[in-house]
Student: 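First the structure, which I've put down as structure tokens, then a few questions once you've had a look.
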Protein chains: 2
Amino acid sequence: MKPEQILIQHDLRKTQGRIMVLQEFSKHDKALAHNELQHALAGKVDRVTLYRILDQFEKKGVLHKIPDDEVSVKYALCAHNHEIDHQHSDDHAHFKCNDCSETFCIDDFTIPNMKIPEGFKVTEKFLLLGGVCKKCA
Amino acid sequence: MKPEQILIQHDLRKTQGRIMVLQEFSKHDKALAHNELQHALAGKVDRVTLYRILDQFEKKGVLHKIPDDEVSVKYALCAHNHEIDHQHSDDHAHFKCNDCSETFCIDDFTIPNMKIPEGFKVTEKFLLLGGVCKKCA
DNA sequence: TCATTTACGCAACAAAGTTGCATAAATATT
DNA sequence: AATATTTATGCAACTTTGTTGCGTAAATGA
Ligand SMILES: [Mn+2]
Ligand SMILES: [Mn+2]
Ligand SMILES: [Zn+2]
Ligand SMILES: [Zn+2]
């Protein structure tokens with residue numbers, strides 16, 4: 001979907017910074033951390049603004065956070081196939097390559113339901129797989 | 001297991017700092033982040049030393065990292081029941097409470113095997129569950 | 001075009017994490 | 001037990017990551 005459409009759909013003002021961030025995501029098809037975006041948009045979008053854009057995007061459901069075992073969280077576009085799969089729930093898995101450190105959404109793999117020990121009420125599931133990606137194989 | 005035994009078993013020198021860190025873990029039974037340990041051991045162990053202790057412990061298999069969706073990773077003792085379950089693999093799940101932000105190992109729940117899309121060679125699995133813990137229920 | 005609302009950029013700060021190096025402490029050797 | 005060797009610690013200095021306040025600019029609505 002086009003950046004401008006995404007913004008309208010999520011009730012967000014159409015600003016240059018936001019559009020550029022969305023373009024960056026759409027051209028990579030992998031999860032991006034703040035510092036990667038900052039680098040890509042150096043001189044175009046301020047560092048602090050970038051933090052605020054990411055926060056807003058997450059709050060509005062444009063992006064989702066992916067927990068990371070290294071320096072900082074990453075973000076990926078929510079529901080790539082939003083037109084088709086309208087009731088997209090974000091309980092899909094993520095894969096992180098130990099070689100190149102890139103993280104991908106595995107959209108077509110839903111985390112199975114599991115019986116969890118007593119006393120815990122589970123509302124979210126994050127499955128992060130580690131290994132070697134196609135490129136690095 | 002006693003701190004000193006753990007250190008010997010993992011081929012680590014028996015130092016005051018390391019012992020205190022292990023004591024801290026054994027008295028809490030939850031995952032701890034660097035800043036929590038730093039606070040608990042203020043004046044006892046230097047901040048930088050603490051980073052190095054955690055790194056060493058992870059490398060030697062005393063602790064394991066738990067990815068987090070917030071500010072920094074957490075650590076938990078590996079294989080609580082190492083004496084019994086000797087071939088402990090760290091593919092157990094973790095639970096993080098959205099109320100108190102505490103993270104626990106769910107040692108008795110092993111992540112099931114799953115068929116992953118082509119091209120990815122999976123060697124590690126991190127399942128982070130979110131929700132409400134017993135105390136906060 | 002003008003008013004209003006919201007986002008942006010900048011400065012200043014706080015928190016998290018790293019590196020180098022001299023000294024202290026732990027282990028190994030005699 | 002004393003000494004040599006190895007390894008860990010503490011401190012300073014620095015980088016990176018994330019936050020807050022505020023005046024200005026840009027986006028939207030009238
Ligand atoms: Mn995803
Ligand atoms: Mn664990
Ligand atoms: Zn790779
Ligand atoms: Zn709780």
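Within every chain, numbering begins at 1; the chains are lettered A, B, ... in the order of the sequence lines, protein sequences first and strands thereafter.
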Student: What does A:Thr49 touch in the nucleic acid at a heavy-atom separation under 4.0 angstrom: a base, only the sugar-phosphate, or nothing?
Tutor: base
Student: Of the nucleotides D:dG18, D:dA26, C:dA16, which one has an atom closest to the side chain of B:Asn35?
Tutor: C:dA16
Student: Counting side-chain heavy atoms from C-beta on, which of D:dT20, D:dT9, D:dA27 comes nearest to A:Val48?
Tutor: D:dT20
Student: Hey, does B:Glu4 have a side-chain heavy atom less than 4.5 Å from the side chain of B:Ile19?
Tutor: yes
Student: Tell whether A:Arg13 reaches the base of D:dG29 with its side chain through a donor-acceptor pair below 3.5 angstrom.
Tutor: no
Student: Any base atoms under 4.0 Å from B:Arg47, or only sugar-phosphate, or nothing? Heavy atoms, all strands.
Tutor: base
Student: Between B:His64 and B:His92, is the ring centre distance below 6.0 Å?
Tutor: yes
Student: Can you check the B:Leu54 CG to D:dT9 P distance for me, whole Å?
Tutor: 11 Å
Student: Contact class for A:Thr15 vs. all strands (heavy atom < 4.0 Å): base, sugar-phosphate, or nothing?
Tutor: sugar-phosphate
Student: Nearest whole angstrom, please: distance from the C1' of D:dA26 to the CG of A:Leu12.
Tutor: 15 Å
Student: Would you indicate what B:Arg18 reaches in the nucleic acid, counting non-hydrogen atoms under 4.0 angstrom: base, sugar-phosphate, or nothing?
Tutor: sugar-phosphate
Student: Could you check whether the rings of A:His34 and A:Tyr51 sit parallel, tilted or perpendicular, using 30° and 60° as the cut-offs?
Tutor: parallel
Student: Rounded to whole Å, please give me the gap between CE in A:Met20 and P in C:dA7.
Tutor: 16 Å
Student: Keeping to residues at least two apart or across chains, list the side chain to side chain donor-acceptor pair (under 3.5 Å) pairs with something in residues 67-79 of chain A.
Tutor: A:Asp68-A:Lys96, A:Asp69-A:Lys96, A:Glu70-A:Lys96, A:Lys74-A:Thr103
Student: Would you say the side chain of B:Arg52 and the base of C:dG17 hold a donor-acceptor pair, judged only by whether the two atoms sit under 3.5 Å apart?
Tutor: no
